Novice: 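This is the structure, below, for whatever I ask next.
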Protein chains: 2
Amino acid sequence: MANVDGEFLRGAGSVAVLKLLERGEMYGYEIVEALERRTDGVLAMGQSTLYPMLYNLESKGFVAARWDETGARPRKYYRLTADGRKKLSSDAKIWHRLTVAMESLGLTSVQGVLA
Amino acid sequence: MANVDGEFLRGAGSVAVLKLLERGEMYGYEIVEALERRTDGVLAMGQSTLYPMLYNLESKGFVAARWDETGARPRKYYRLTADGRKKLSSDAKIWHRLTVAMESLGLTSVQGVLA
DNA sequence: AGGCATACTATGTGCGGCATAGTGTCAGCG
DNA sequence: CGCTGACACTATGCCGCACATAGTATGCCT
């Protein structure tokens with residue numbers, strides 16, 4: 001991970017990916033770039049993080065893949081499965097609860113971090 | 001982990017502990033209970049998670065320990081070191097950036113999670 | 001023609017979270 | 001007055017994720 005640097009997104013990474021796929025299918029390289037762009041580099045994970053994650057999500061049935069050979073380069077498009085949607089919904093709740101818990105400890109102080 | 005169940009707090013756990021220790025020294029068992037109570041069970045980590053974490057933080061110089069034998073039971077009090085404060089400050093920023101990034105993906109939607 | 005961006009695959013390592021297990025003490029209850 | 005359970009810490013080991021590294025191959029730009 002680039003900016004978040006470390007252990008902070010053990011689960012955060014995969015939720016982010018599932019969330020991206022909620023809108024429609026994407027291929028690996030595209031996901032890496034979208035995460036980088038849309039989170040201002042914070043969730044910029046490398047390919048070496050994303051691809052194994054995708055394989056993992058696929059093996060668990062949360063995403064499904066489809067090869068597209070029509071374009072210039074072969075691309076493997078991933079989409080959310082029904083189980084993936086459930087997983088996303090469940091994980092989003094967990095994420096929310098976690099942020100609430102952290103806030104109750106005084107973390108994520110909205111100001112004071114603006115250095 | 002109890003409620004947050006899974007991989008969501010790779011770093012979150014230790015930040016939470018550091019944050020607790022910011023107020024003053026605490027012993028292990030007390031930390032477990034404080035986390036459980038103050039986060040409504042969300043960050044309820046067991047002893048098997050906390051103690052190794054404390055050893056880890058101690059080995060890195062972020063916390064320091066002191067034995068107190070005066071009470072009924074011997075207690076090992078942990079306190080934040082100067083480095084620990086720096087670490088906490090740094091991690092809090094990272095945590096904040098992470099939540100911002102997740103929000104920008106549409107996660108932590110304040111409503112819609114109230115199911 | 002060569003280098004860079006694109007796009008995916010493969011392999012291996014380190015470490016954090018956690019389960020399990022074990023030690024000992026103190027307090028309350030019958 | 002012995003038992004049970006809450007208190008408090010230590011020790012060991014597994015598993016899976018994040019990540020580094022490396023390798024393959026194609027298309028585009030200059």
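Lettering follows sequence order; numbering is per chain, from 1. Everything numeric here is computed off the predicted structure, so don't read it as measured data.
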Novice: Let me know the distance between CG of B:L35 and C1' of C:dG17, rounded to the nearest Å.
Specialist: 14 Å
Novice: So, is A:N56 close to the D:dG16 phosphate, meaning a side-chain N or O under 4.0 Å from OP1 or OP2?
Specialist: no
Novice: B:E69 CD to D:dC9 C1': how many Å, rounded?
Specialist: 12 Å
Novice: Identify which nucleotide among C:dC8, D:dT21, C:dA19 has an atom closest to any side-chain atom of A:W67, counting heavy atoms from C-beta outward.
Specialist: C:dC8
Novice: For the pair made of CZ in B:R73 and C1' in D:dC9, what is the distance, rounded to whole Å?
Specialist: 11 Å
Novice: Test of understanding: clusters of I, L, V, M, F, W, Y form through side-chain heavy atoms closer than 4.5 Å, transitively. Do A:L50 and A:L18 belong to the same one?
Specialist: yes
Novice: If you compare every side-chain N and O of B:Y27 against the phosphate oxygens of D:dC9 (OP1, OP2), does one of them come in below 4.0 Å?
Specialist: no
Novice: Starting at CG of A:L50 and ending at C1' of C:dT6, how long is that distance when rounded to a whole Å?
Specialist: 14 Å
Novice: So, is A:T49 near the phosphate of D:dC19, with a side-chain N or O under 4.0 Å from OP1 or OP2?
Specialist: yes
Novice: What integer distance in Å separates A:E58:CD from C:dA10:P?
Specialist: 12 Å
Novice: Please tabulate, for the side chains in residues 30-39 of chain B, all donor-acceptor contacts under 3.5 angstrom to protein atoms that are two or more places apart in sequence or on a different chain.
Specialist:
{"residue": "B:E30", "atom": "OE1", "partner": "B:Y27", "partner atom": "N", "Å": "3.2"}
{"residue": "B:T39", "atom": "OG1", "partner": "B:L35", "partner atom": "O", "Å": "2.6"}
{"residue": "B:T39", "atom": "OG1", "partner": "B:L43", "partner atom": "N", "Å": "3.0"}

Novice: Is it true that a side-chain atom of A:D40 and a backbone atom of A:V42 form a donor plus acceptor pair closer than 3.5 Å?
Specialist: no
Novice: May I ask you to verify if any side-chain N or O of A:K60 is less than 4.0 angstrom from the OP1 or OP2 atom of D:dG16?
Specialist: no
Novice: Of B:Y78 and B:E33, whose nearest nucleotide on DNA chain D comes first from the 5' end?
Specialist: B:E33
Novice: Identify whether any heavy atom of B:E30 sits under 4.0 Å from a base atom; if not, whether one sits that close to sugar-phosphate; answer base, sugar-phosphate or nothing.
Specialist: nothing
Novice: Strictly below 4.0 Å: does B:R75 bring a side-chain N or O up to OP1 or OP2 of D:dA8?
Specialist: yes
Novice: Do A:T81 and A:D83 have side-chain N/O donor and acceptor atoms under 3.5 Å apart?
Specialist: no
Novice: If the cut-off is 4.0 Å, is A:Y55 near the phosphate of C:dT9, judged by side-chain N/O to OP1 or OP2?
Specialist: yes
Novice: Can you measure B:Y51 atom OH to D:dA8 atom C1' for me and round it to whole angstrom units?
Specialist: 5 Å
Novice: Should the pair A:E25-A:R66 be classified as a salt bridge under the 4.0 Å nitrogen-to-oxygen rule?
Specialist: yes
Novice: Quick one: B:M45 CE to C:dT20 C1', roughly how many Å, whole number?
Specialist: 18 Å
Novice: In whole angstroms, how far is the P atom of D:dA6 from the CD atom of B:Q47?
Specialist: 12 Å
Novice: Pick the closest DNA chain C nucleotide for A:P52 and for A:K76 by heavy atoms, then say which residue is nearer the 5' end.
Specialist: A:K76
